[in-house]
Enquirer: 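Before I ask anything, here is the structure I am working with.
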Amino acid sequence: ARSDEGVGRRPRRRKRGCAGGARTGAGGALEQPVKRGAPAAPPYREAKTMEAPPVTMMPVTGGTINMMEYLLQGSVLDQSLESLLHRLRGLCDNMEPETFLDHEMVFLLKGQQASPFVLRARRSMDKTGTPWHLRYLGQPEMGDKNRHALVRNCVDIATSENLTDFLVEMGFRMDHEFVTKGHVFRKGIMKIVVYKIFRILVPGNTDSIEPLSLSYLVELSIVAPAGQDVVSDDMRNFAEQLKPLVHLEKIDPKRLM
Amino acid sequence: MGVTCVSQMPVAEGKSVQQTVEILTRKLELLGAEKQGTFCVDCETYHTAASTMGNQGQAGKLMYVMHNSEYPLSCFALFENGPCLIADANFDVLMVKLKGFFQNAKANKIESRGTRYQYCDFLVKVGTVTMGPSARGISVEVEYCPCVVANDCWNLLMEFMQSFMGSHTPGIPSMFGNKHDSIYSPGDTMAQYMELFNKIRKQQQVSVAGIR
């Protein structure tokens, strides 16, 4: 039987939650003057956010480890995408299928040096509230012909949304931009990305785009501290498991130019 | 971050920087503020190298890269009257890579270090501003944590500052005028520190005469 509502019951009065010490302006005096020698303030005043951050005073500058990106690339035609995704879902770590839609802009800084300095600014178009991603990629390391993957220095920085304005202020100019749409998988520290590149028809307008090709680019990469060449063996072993759906290889960008 | 005002405290007549800081912190402690750790804000200056200037056809610009111990994982990069970029600590590594285009004027590195005090909803940081080995001045940062709209709590901030800074209480920071009702952010605090550091850099060195 449902309880009788309203009969003989006092109307419930709800206390409006008051926002802690948020006293604004109007030139009023402070709410509770603290007397000299008064006992510690009541618990609600000791907001955790006001404690000093638990790190040393030394500013975080320099002295960081050089990170290297190890990369293998390949591609599949559109019609083979589903079977590749199916295989990857089986081989990779169990996680929610993750798709992405990103807008990447490549900026150049020209100096007296022969080659300009390249920086890549990337933002998510479908996930709100994520920081922009600024990336520097160095020249591929020429070394061991037996090394299975392309190795280059990389620096990844998360930034606020005014990144492009700031880069322009620094003297960078945008060289080109594109949109990428695809899927990302993970296996341990390896990242596998399957995506399609789209050309932007009207500069700055990411709504009018067209695919660059009838295929998807597949990239297997690891970002690890310098000197960990053994990771490229793990990458080669994983790449073997994706054959014959896709052949991932070390592709030297310079040879394509 | 709550609305923050960063200002300079002049060195007291006939006293050293150290002594003035002590007078100020004693006043705060008498008021009832509790010491809560230390803080450090530093600023490095980069200028565009000659190689890039030729192509851009514009005067060399100064870029400031700052850190604040209140945000240990972040790096703030700003141009005077320009945008302020908030990035993570790897930005410093990027500046090393950009050595050929941006030169670090190491002699211009300036920082403020001192104690952090909490008083009710206020956070007060009194720091000694040093450039190299010499102390050049005193910075006072007062933050009113619960409010994020600058013009709503300026009067309250000013009243609080008067209680321990007396006649040295600063006027309303010029940047508050531009903010209207927009949300206050840590980048605004760093811009105030940058202005303060630039002012102190131009001032003559604190006279040594006062030190016994």
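Since this is a predicted model, take the numbers as computed values, not measurements. Just so it is clear, the values below take in all heavy atoms, side chains as well, and ignore hydrogens, waters and symmetry mates. Every chain is numbered from 1 and lettered A, B, ... according to where its sequence line falls, protein lines coming before strand lines.
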Enquirer: Within a reach of under 6.0 Å around NZ of B/Lys106, are more than 12 heavy atoms found that belong to other residues, nucleotides or ligands?
Expert: no
Enquirer: Just by distance, do the side chain of B/Asn90 and the backbone of A/Asp156 share a donor-acceptor pair under 3.5 Å?
Expert: yes
Enquirer: Which heavy-atom pair separates B/Met63 from A/Met170 by the least distance, and what is that distance?
Expert: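 Heavy-atom minimum between the residues: SD-CG, 3.9 Å.
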Enquirer: Just so I know, are the side chains of A/Phe117 and B/Lys97 near enough to count as touching, which here means a heavy-atom distance under 4.5 Å?
Expert: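 Yes - at least one pair of side-chain heavy atoms lies under 4.5 Å apart.
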Enquirer: Checking heavy atoms, do the side chain of B/Leu78, its backbone, both or neither come under 4.5 Å from chain A?
Expert: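 Contact with chain A is through the backbone of B/Leu78 alone.
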Enquirer: Please find the pair of heavy atoms, one from B/Cys84 and one from A/Ser160, that lie closest to each other, and give the distance.
Expert: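 B/Cys84 and A/Ser160 have their closest heavy atoms at O-OG, 4.3 Å.
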Enquirer: Give the C-alpha distance, both sets of side-chain angles, the deciding distance and a yes or no for side-chain contact (heavy atoms from CB on, under 4.5 Å) between B/Val93 and A/Met67.
Expert: CA-CA 10 Å; B/Val93 180; A/Met67 297 300 270; over 6 Å; no
Enquirer: Parallel, tilted or perpendicular, judged at 30° and 60°: which one describes the rings of A/Phe166 and B/Phe91?
Expert: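 Rings of A/Phe166 and B/Phe91: perpendicular, as their planes differ by over 60°.
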Enquirer: What option among B/Val41, B/Asp88, B/Asn68 has the most heavy-atom pairs under 4.5 Å with chain A?
Expert: B/Asp88
Enquirer: To the nearest 0.5 Å, what is the distance between CG on B/Leu94 and CZ on A/Arg135?
Expert: 12.5 Å
Enquirer: Should we count CD of A/Gln228 as having more than 12 external heavy atoms under 6.0 Å?
Expert: yes
Enquirer: Would you say B/Glu80 has more than 12 foreign heavy atoms packed within less than 6.0 Å of its CD?
Expert: yes
Enquirer: Could you tell me which portion of B/Ala33 (side chain, backbone, both or neither) has an atom closer than 4.5 angstrom to a non-hydrogen atom of chain A?
Expert: neither
Enquirer: Can you measure from CG (A/Asp165) to CG (B/Leu85) and round to the nearest 0.5 angstrom?
Expert: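 That separation rounds to 10.0 Å.
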